[in-house]
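To start, the structure itself, in structure tokens.
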Number of protein chains: 2
Amino acid sequence: MAQVKPMRADARRNYERLLKAAAEAFAEHGENASLDDIAKRAGVGSGTLYRHFPTRQALLEATYVDRIEALGERADEIAKELSPGEALVEWLYEVCVRTTEVRGLKSLLGSAVTDGSRVELTACATHMKAAAERLVGAAQEEGTLRRDVEPIDVLRLAHGVATASELAKGGGSHVRRYLSLLTEGLRPG
Amino acid sequence: MAQVKPMRADARRNYERLLKAAAEAFAEHGENASLDDIAKRAGVGSGTLYRHFPTRQALLEATYVDRIEALGERADEIAKELSPGEALVEWLYEVCVRTTEVRGLKSLLGSAVTDGSRVELTACATHMKAAAERLVGAAQEEGTLRRDVEPIDVLRLAHGVATASELAKGGGSHVRRYLSLLTEGLRPG
DNA sequence: AGTTAAACGGAGACAGTCCCCGCTTTTCTT
DNA sequence: AAGAAAAGCGGGGACTGTCTCCGTTTAACT
């Protein structure tokens with residue numbers, strides 16, 4: 001699975017430049033930033049971009065793997081500090097916040113939890129699912145999470161909460177509230 | 001607000017043709033169906049399409065107002081048959097199902113509950129909010145819905161549930177489940 | 001230095017959006 | 001009924017974005 005042959009020097013250089021340009025462009029214009037423009041920013045031809053990243057999704061993934069990995073690590077940090085139930089909620093909160101804050105991350109996380117997505121098991125999907133499994137399993141052990149939900153359900157619902165929050169003007173400020181409505185339920189407590 | 005002058009005969013004819021073509025195209029290709037193609041199907045020039053419907057959103061709205069109105073009426077029908085709490089849930093279920101079933105409806109319903117949307121208070125937004133207000137109010141009276149949620153919150157969360165369901169392959173079959181996770185909460189009952 | 005294979009780049013085919021403005025159709029007037 | 005004014009039509013074309021193809025360049029290895 002790993003790079004069998006080392007990349008040629010110019011290829012490696014262009015790859016990195018493209019990632020940098022992509023991060024800028026996605027941050028500036030959202031997930032639909034023009035790909036040709038990204039190539040231009042990076043100072044390479046568009047052919048080079050498409051050779052390295054055959055689809056927008058591939059570029060998005062490469063651009064944000066580190067963020068996704070960071071989320072995976074956060075899961076474990078949080079798990080050390082809080083009880084399993086609290087840890088799950090707090091992690092989901094962070095996932096939602098990133099989803100709404102980091103432009104372009106949303107579609108990536110979305111396709112990571114989509115059934116039958118073209119892209120077979122991307123690195124991002126794997127990371128997220130693994131982290132969710134750990135937290136969900138622990139919370140169920142503890143008895144603070146229903147046993148009839150799967151990790152993937154939780155991830156999808158978190159994505160839904162992020163989407164709902166985004167619909168409000170100050171998206172971020174609604175995340176906590178909407179997430180707690182999900183965890184506590186809409187019935188009066 | 002109503003049409004001050006009656007439309008010219010040809011204008012009216014083209015308007016209707018466009019709506020019919022749009023319904024077909026959106027059903028076939030989703031909300032991003034080509035507008036020029038819709039004009040072609042309708043047998044009119046693209047200028048005519050853009051004159052009647054300045055934005056994709058406007059066309060989407062005109063295409064689906066009747067569906068939205070139907071949802072508004074369903075709210076009242078359901079309210080007659082079930083207790084307030086059950087009625088709200090059942091209505092939300094139908095909203096979610098339509099959202100996932102009718103291609104193109106999603107982005108319309110989404111922008112209807114978006115804060116600070118360009119389009120000031122569209123007919124769709126008004127209908128949905130009014131229906132939600134009735135059901136939410138009744139359920140809160142009855143005591144089966146938290147008092148700290150607004151109708152708009154409920155609509156947004158329903159949109160989130162629809163989004164989450166869509167991420168699963170057989171979108172429709174997950175709606176009931178995800179909606180009940182929202183109403184009951186993720187904690188064990 | 002020479003050879004080779006990998007990588008480059010940007011022109012260009014294609015598709016979609018949307019506007020502009022000369023032309024046609026309808027409607028109004030007398 | 002005929003002519004004028006108003007309303008509406010439509011499609012050409014500018015523009016933007018995607019993505020591929022293939023002649024040219026360049027790194028890597030002798």
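Atoms considered below: every heavy atom in the structure, side chains included; atoms not considered: hydrogens, waters and symmetry mates. Per chain, numbering begins at 1; letters A, B, ... match sequence-line order.
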(request) Please state how far atom CG in B:Leu35 lies from atom P in C:dA15, giving the value in whole angstrom units. (result) 16 Å

(message) Between A:Ser46 and D:dT18, is there a contact of a side-chain N or O with OP1 or OP2 at under 4.0 Å?
(response) no

(message) Measure NZ/A:Lys40 against P/C:dG10 and give the value in whole Å, please.
(response) 9 Å

(message) Rounded to whole Å, how long is the line connecting atom CD1 of B:Ile38 with atom C1' of C:dG16?
(response) 12 Å

(message) D:dC9, OP1 or OP2 - any side-chain N/O from B:His52 closer than 4.0 Å?
(response) yes

(message) Could you check whether B:Arg41 pairs with B:Asp37 (Lys NZ or Arg NE/NH1/NH2 to Asp/Glu carboxylate O, under 4.0 Å)?
(response) yes

(request) Go through residues 12-32 of chain A and report each residue with a non-hydrogen atom lying under 4.0 Å from DNA chain C, sorted by number. (result) A:Asn14

(message) Suppose we call a contact any N or O donor and acceptor under 3.5 Å apart; does that hold for the side chain of A:Arg8 and the base of D:dA28?
(response) no

(request) Nearest 0.5 Å please: distance from the CD atom of B:Glu77 over to the CD atom of B:Glu94. (result) 8.5 Å

(request) With rounding to the nearest 0.5 Å, note down the distance linking CD1 in B:Ile78 to CD in B:Glu86. (result) 11.5 Å

(message) Is there a side-chain contact between A:Thr48 and the phosphate of C:dG9, meaning an N or O under 4.0 Å from OP1 or OP2?
(response) yes

(request) Find the distance A:Met7:CE to D:dT26:P and express it as a whole number of Å. (result) 18 Å

(message) Among D:dC19, C:dG9, D:dG10, which nucleotide has an atom closest to any side-chain atom of A:Val44?
(response) C:dG9

(request) Could you grab the distance from atom NZ of B:Lys106 to atom CD of B:Glu101, nearest 0.5 Å is fine? (result) 14.5 Å

(request) Answer yes when B:Glu31 and B:Arg103 have at least one side-chain N-carboxylate O distance shorter than 4.0 Å, and no when they do not. (result) no

(message) If I take atom CG in residue A:Asp37 and atom P in nucleotide D:dC15, what distance separates them, rounded to the nearest angstrom?
(response) 18 Å

(request) Measure the distance from CZ on B:Arg41 to P on D:dG11 and round it to the nearest whole Å. (result) 18 Å

(message) With a 3.5 Å distance limit and no angle check, can you tell me whether A:His127 reaches the backbone of A:Ala123 through a side-chain donor-acceptor pair?
(response) yes

(request) Assign each of A:Arg51 and B:Ala11 to its nearest nucleotide of DNA chain D by heavy atoms, then name whichever residue's nucleotide is nearer the 5' end. (result) B:Ala11

(message) Please determine whether any donor N or O and acceptor N or O are separated by less than 3.5 Å between the side chain of B:Asp10 and the base of D:dC9.
(response) no

(message) In this structure, how many angstroms lie between the P atom of D:dC19 and the OH atom of A:Tyr50, rounded?
(response) 5 Å

(message) Rounding to an integer number of Å, can you tell me how far A:Asp36 CG sits from D:dC15 C1'?
(response) 14 Å

(message) A:Leu59 vs A:Leu19, test: side-chain contact (heavy atoms from CB on, under 4.5 Å). Steps then yes/no.
(response) CA-CA 8 Å; A:Leu59 178 55; A:Leu19 279 186; 4.2 Å; yes

